[in-house]
Protein chains: 4
Amino acid sequence: MTSEYSENARPLRRPGRPRSEQARLSILGTTAKMMEDLPIRSITIDGIAKAANVGKPTIYRWWDSKCALVMDAFLERMTPASPPKPDTDITQNLVNLLKGTIEHLRGREGEIVAEIIGEGQSDPHILEEFHTRFFCQILKPARQIIERAKEIGMIDQNLDTNLALDILYGPIYYRLLVRHQPLDDHFTQSLPGRVVSALQLSAS
Amino acid sequence: MTSEYSENARPLRRPGRPRSEQARLSILGTTAKMMEDLPIRSITIDGIAKAANVGKPTIYRWWDSKCALVMDAFLERMTPASPPKPDTDITQNLVNLLKGTIEHLRGREGEIVAEIIGEGQSDPHILEEFHTRFFCQILKPARQIIERAKEIGMIDQNLDTNLALDILYGPIYYRLLVRHQPLDDHFTQSLPGRVVSALQLSAS
Amino acid sequence: MTSEYSENARPLRRPGRPRSEQARLSILGTTAKMMEDLPIRSITIDGIAKAANVGKPTIYRWWDSKCALVMDAFLERMTPASPPKPDTDITQNLVNLLKGTIEHLRGREGEIVAEIIGEGQSDPHILEEFHTRFFCQILKPARQIIERAKEIGMIDQNLDTNLALDILYGPIYYRLLVRHQPLDDHFTQSLPGRVVSALQLSAS
Amino acid sequence: MTSEYSENARPLRRPGRPRSEQARLSILGTTAKMMEDLPIRSITIDGIAKAANVGKPTIYRWWDSKCALVMDAFLERMTPASPPKPDTDITQNLVNLLKGTIEHLRGREGEIVAEIIGEGQSDPHILEEFHTRFFCQILKPARQIIERAKEIGMIDQNLDTNLALDILYGPIYYRLLVRHQPLDDHFTQSLPGRVVSALQLSAS
DNA sequence: AGTTAATCGAGACGGTACGTCTAGTCTTATT
DNA sequence: AATAAGACTAGACGTACCGTCTCGATTAACT
């Protein structure tokens, strides 16, 4: 008992000087600011260190690579996904989510997402972490809606939720990454309805 | 007179030593061999030059960047898309094309495609050329089928062919690039039917 | 009350935690051990701190630089110079001292002396302290003999004692530091007689 | 016959772009200039590269280490030893050489020699090359005189020439390196006679 | 047959950024 | 106040490639 208490009481603090939150924030902030203006490729650890008034080893102590840092800086600033509005028509709800996603990925933020996924092609760790921290967050509302729809029988119970999400979002990221066509208004208007219909929602 | 003739006869040949086809092939071959084993990121111009017994400027004379060369080496070896079989059910034909694509993108070749698209995120030229030389080729059969279907009224005339292709192929490249889920048999079995149905083919 | 007593009882004790003699010894011992095996250049404060289980600031609190510490560690272990045997022939006594010095400087200890003098070239403090703590000690017997010889008229009174010591010991340290020739037996046999004779001792 | 000719004719030129003499001179010159003002320890390869308008790898291509470069820069500018005047009294000639050496080692040049020998304590290659390129040159005249003296019987044939040189020059470098006493006028006046006498030159 | 001009190989060049190392200082909880 | 631990700023280290340049040698069409 006592030991459990004392163990709990232990503030889990390693000895030695604790890491400087100020340095961490300075690094992340500088990186985020650079990402606004520059392609990720042209951002360098040297440059971040200099601009953040920080030693290079301090950066390497906490991030494995430039890309891990960039991702962190991006995700820290990311606005969390808003939960789905409960009392809305499911079809309409999904369509709205997709429209929001497309609009969100226009502009610099979409470019950054594309660049990170691009960098991730040569570093699986990046991709894995980006998936859990970005995609899982961003897709959570749609996932919840789909699972709810399966529960109430509006969607075939055998439809794999992951597959459904791929059908809904795949075309968007395909355009974002291959850039053969823009994420324009026509796309925003016409895509969501088509892909939501592929889920074959029965009238509830 | 003679000069006019001779000028016409001149096969647009610049004076000086003509470029060595042998060098070109050696460069492309070496690059292709390296791509089999190594991630594109770790391939270097220096390395190619050394392995191909070729001077670095010889490479730069004919390709702008490592990535352009890699793409060339990849596309040169790519098997051309087979045309769609004419007298088959359109739905089935599209499903088969998608299944073939998924199977094709498993393995090293899919990895290379992903890596090239990844590199392309920081170099729009790459992406543009990859689109015209890879995607347009690879998607040509599906495009023809869709346009044929529109002609004969099986598909809504107002459906943008590009959008249709995105709906069909988007989920595949989404999985290829984000790697959240594998391109496995379950995906091969279940995806194509779903997305083809999103095109709402009416019974002819 | 009690506090007053105890305060009085405190024997010249500065407030705060007293410096740890254990830490000092651990640092010196670790350094000495490292010097046995490694060239001084490759010894680092970081390394000493880690091996001695000591914080870096604790080292810096007591020694100005790596080199000061190394010198301390070396001198602490140095065997003190034995005094000259009084009733011996002066010439022979000097020759014996020189022979002893040469033999002493063979092996690791001579290497360390050379390394310290080497480091001293870029740090006058080191050299100065090494002179007073090493050379003055090591040369004391020879200095005493020479001064005694001057007193009794065996050596020209005008011969500067420092100059005499340079003539005697210069060639040895010259070889030690420039390493153009080894401190071998031939050197041990032939040098001392020659340089002692340069002092022109008259038969007493 | 012909082959011999053609072999001779071969300009012994390696393929590839020849190294830039301009870069070499810029590096050596910059280094030499830095050595005038700064202690060797505080000179950095980065600094040289920047000041010489040269890439760091260019320096590393041709010199193993900062110290090798510094030595090269020093030796390239060193005035070659003047040959001994032939028809002079041998004793006087040696004394003059020693006086010249002492005066030469006063000032910055002597400091540099000391610093190089100091650095050499942690790098035997440096010391070895410095010996062959500096000491052998600088001592050549004295060596010739001593050998000539041995030939004509003025010096004991059994006296090792290297030992003789150590006796003559050892005290000078001892003072230069240990710095316990300055290389002052008194030293210049009194040392040479003493050490030359230790060679026991008989009247020719 | 000789000239001309662009090619080829090789590899050095000025640069940039890398990731590591070490120095010496600072911050924390503990003693 | 001194300790052990370890994070901090700072900046040099030596390496890897970049893309360009400079060579001598080669190759063919055009004098």
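Chain letters run A, B, ... following the sequence lines, proteins first, then strands; residues in each count from 1. Given the structure is predicted, the values throughout are model-derived calculations rather than measurements.
- Counting distance only, with no hydrogens placed and no angle test, the side-chain atoms of A/R17 and the base atoms of F/dC8 include no donor-acceptor pair under 3.5 Å.
- Residues satisfying the side-chain hydrogen bond (donor to acceptor under 3.5 Å, both in side chains) criterion with D/S122, sequence neighbours excluded, are C/R41.
- Partners of B/Q22 according to the side-chain hydrogen bond (donor to acceptor under 3.5 Å, both in side chains) rule, which considers only residues two or more places apart in sequence or in another chain, do not exist here.
- When rounded to the nearest whole Å, the span between NZ of C/K66 and C1' of E/dT22 equals 10 Å.
- Positionally, the nearest nucleotide of DNA chain E for B/A23 lies more toward the 5' end than for the other of D/R19 and B/A23.
- Cation-pi geometry between D/R24 and D/W62 is not satisfied (NZ or CZ under 6.0 Å from the ring centre, within 45° of the ring normal).
- Comparing D/E21 and C/G47 against DNA chain E, the residue whose closest nucleotide sits nearer the 5' end is D/E21.
- Contact annotation for A/T58: base contact, defined as any heavy-atom pair under 4.0 Å involving a base atom.
- Between B/R61 and E/dC8 there is a side-chain polar atom (N or O) within less than 4.0 angstrom of OP1 or OP2.
- Listed by chain and residue number, B/Q121 satisfy the side-chain hydrogen bond (donor to acceptor under 3.5 Å, both in side chains) test with A/R179 (two or more places apart in sequence, or in another chain).
- A straight line from CH2 of C/W63 to C1' of E/dG24 spans 16 Å, rounded to a whole angstrom.
- Whole-Å rounding puts the B/L25 CG to E/dC8 P distance at 12 Å.
- With rounding to whole Å, B/Q22 atom CD is found 12 Å from E/dG9 atom C1'.
- The nearest whole Å value for the distance from the CD1 atom in A/I27 to the C1' atom in F/dC8 is 10 Å.
- Of the inter-residue distances, the one linking B/L25 atom CG with B/T30 atom OG1 reads 10.0 Å to the nearest 0.5 angstrom.
- Looking at residues two or more places apart in sequence or on another chain, you find a side-chain hydrogen bond (donor to acceptor under 3.5 Å, both in side chains) between A/E111 and A/R108.
- Atom NZ of D/K50 and atom C1' of F/dG11 are 11 Å apart (whole Å).
- Note on residues 56-74 of chain C: pairs passing salt bridge (charged side-chain N to carboxylate O under 4.0 Å, His left out), not counting sequence neighbours, are C/D46-C/K56, C/D72-C/R133.
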N/O-N/O pairs, protein side and nucleotides 15-17 of chain E side, under 3.5 Å:
none

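- OP1 or OP2 of F/dC8 lies within a sub-4.0 Å distance of a side-chain N or O belonging to A/W62.
- Here F/dT9 presents its P atom at 14 Å from CD1 of A/I48, a figure rounded to the nearest Å.
- Between the C1' atom of F/dA7 and the CD1 atom of A/I59 lies a distance of 14 Å, rounded to the nearest Å.
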